[in-house]
Amino acid sequence: MKNFPKYILWALMAITILFSLLFFFGSEETVNCNGIDFEAPTFTSSFITLAFTFIVIAALATIALAALSFANKVASNPKAVLVPLVAFGVLAVLLLATYFGADTNPINIIGYEGSQEPYVYRLTNMCMTSAFVLAIVACVATLCSSLFKKF
């Protein structure tokens, strides 16, 4: 039982190596994109599905372990839960602000004739704006922490 995580990691590594070999050294097929024919690996969709599956597994494991950690903190020290709740609240306010401030107009991209719904543009704009704000906050926090260590 102690080596179980190690075996799981080795199995995931083997699956990834197998799919990578199939992707890079497997057969190719002709794909037509906007009137241009090009050769693409046959296993592209399988490789993308594998990557998506790994991302979903990682996200679910992260959420489950965070929930368990939160439950342990509530049981042992209820006052320690205040900081994560405040952080979660600030993140929720940021997401709501960027959602309601997002633009629903389509972006003009040459060669793209998609007909998406306005909510897709709003969600995309929300995610991009939130990512930019969080990146700026991370940069400022990194700079401030290094400056505070000096003084």
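Hydrogens, waters and symmetry mates play no part in the numbers below; they use all other heavy atoms, side chains included.
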Grouping I, L, V, M, F, W and Y whenever their side-chain heavy atoms are under 4.5 Å apart, do [X] and [Y] come out in a common cluster?
X: Leu95; Y: Val133; answer: yes
X: Ile15; Y: Leu18; answer: no
X: Phe54; Y: Leu22; answer: no

What's in the same ILVMFWY side-chain cluster as [X], cut-off under 4.5 Å, chained through other members?
X: Phe88; answer: none
X: Val74; answer: Phe70, Val81, Leu85
X: Val140; answer: Ile136

Side chain to side chain contact (heavy atoms under 4.5 Å, CB included) partners for [X], two or more places apart:
X: Phe100; result: Leu96, Arg122
X: Ile8; result: Phe4, Leu12
X: Lys2; result: none

Who are the side chain to side chain donor-acceptor pair (under 3.5 Å) partners of [X], not counting sequence neighbours?
X: Asn105; answer: Asp103
X: Thr42; answer: Ser27
X: Glu39; answer: Thr30

*Do you know which two heavy atoms are closest between Met126 and Ala102, and how far apart they sit?*
N-CB, 4.1 Å
*asked:* Between Leu94 and Leu134, is the side chain to side chain contact (heavy atoms under 4.5 Å, CB included) condition met? List the steps.
replied: CA-CA 9 Å; Leu94 172 69; Leu134 290 173; 3.8 Å; yes
*So which pairs with a foot in residues 16-53 pass ring pair (Phe, Tyr, Trp, His ring centres under 6.0 Å), sequence neighbours left out?*
Phe23-Phe47
*Interatomic spacing from CG in Leu50 to OG in Ser46 - rounded to 0.5 Å*: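 If we round to the nearest 0.5 Å, Leu50:CG and Ser46:OG are 9.0 Å apart.
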_Does anything in residues 53-78 form a side-chain hydrogen bond (donor to acceptor under 3.5 Å, both in side chains)? List the pairs, not counting sequence neighbours._
none
*Determine which pairs satisfy side-chain hydrogen bond (donor to acceptor under 3.5 Å, both in side chains) with at least one residue from residues 129-145, sequence neighbours left out, and list them in order.*
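As it turns out, the side-chain hydrogen bond (donor to acceptor under 3.5 Å, both in side chains) pairs with a partner in residues 129-145, which skip direct neighbours, are Thr98-Ser130, Asn125-Thr129.
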